[in-house]
Amino acid sequence: MVLRGPSDTSLLLDADDVPPVLEHNPAGRSPFLLTSDHYGRAIPGLLGDLGLPEGELTRHIAWDIGISGVAEALSRQLGAHLIAQRYSRLVIDCNRPPSAPSSIPRLSEATLIPGNEGLTRQAAEARRRAIFDPYHRRIGEAIDARLRENIPTVLVSLHSFTPVYAGVARPWHIGTLYHRDTRLPALLLEQLRREPDLVVGDNEPYAVSDATDYTIPVHGENRGLMNTGIEIRQDLIAEEAGQQQWADRLARIFGEIETALRAQG
Ligand SMILES: [Zn+2]
């Protein structure tokens, strides 16, 4: 339920719209705190279809295909808290600073987004207040609570990437993404490279930056938490069987990493 007092200007969502934040296993005591910025592709009823045909709203520009199934299975297997965001990144990208031009994209890959043309400042602000703010507030609160209770916390930001972007095929099956924290990515890369069937990207297909990312810089780096981003190629996790296989693999690897981190103290 969304409570609306006089000071609540988040009028973008009404009773027919899903809440932006979805959580699994909030009492999970695994050190890994899982986030999924591009989990869903919902659009607030008020925004219609953003002027796009269904075919555009189901492809990678709208969300991270396949990551929802991986994230949920991984949360279950690790006993880890998952905080996910249900609205399309075309409405507002929850992994961009709201000041970035790509926060509410007018163009994604080669697709113009008519519903994002000529937005007023108020309209952009309404998307932020209704979707971006509650999601990031919840991650912040969850981290606060864990720190208060002295629960070790490692932030893992889960994403998926399209196998072909702007006509260029990407060879990696999975990539680790990082910027200032190289502790966890190094452990993760070491584990992933032991898997004989994988092509592993080291900061591929992207690297984390303050200009193009939000979750890792704000919740991981600024708070001094160990962190990594993970990107899995979408053709590998488009179906449930692949999602489960990748969750199994990552659960095993994160189990090894947890053992290594605890041994280091
Ligand atoms: Zn993503």
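As the structure lists them, so they are numbered: ligands from 1, and atoms in each ligand from 1.
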Next item on the list: Please lay out, stage by stage, how E72 and R76 fare under the test salt bridge (Lys or Arg N to Asp or Glu O under 4.0 Å).
Entry: CA-CA 6 Å; E72 285 174 15; R76 206 163 41 238; 5.3 Å; no

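- Under 3.5 Å, the side chains of H159 and H38 contain a donor-acceptor pair of N or O atoms.
- Residue contacts to the Zn ion (ligand 1): D64 brings an N, O or S atom closer than 2.8 Å.
- L155 and L187 fall into different hydrophobic clusters, defined by Ile, Leu, Val, Met, Phe, Trp and Tyr side-chain heavy atoms under 4.5 Å apart, directly or through other members.
- In this model, no donor atom of one side chain and acceptor atom of the other lie less than 3.5 Å apart for R180 and N222.
- Take the N/O/S atoms of H38: the one nearest the Zn ion (ligand 1) is ND1.
- Considering just the N/O/S atoms of H159, the one nearest the Zn ion (ligand 1) carries the name ND1.
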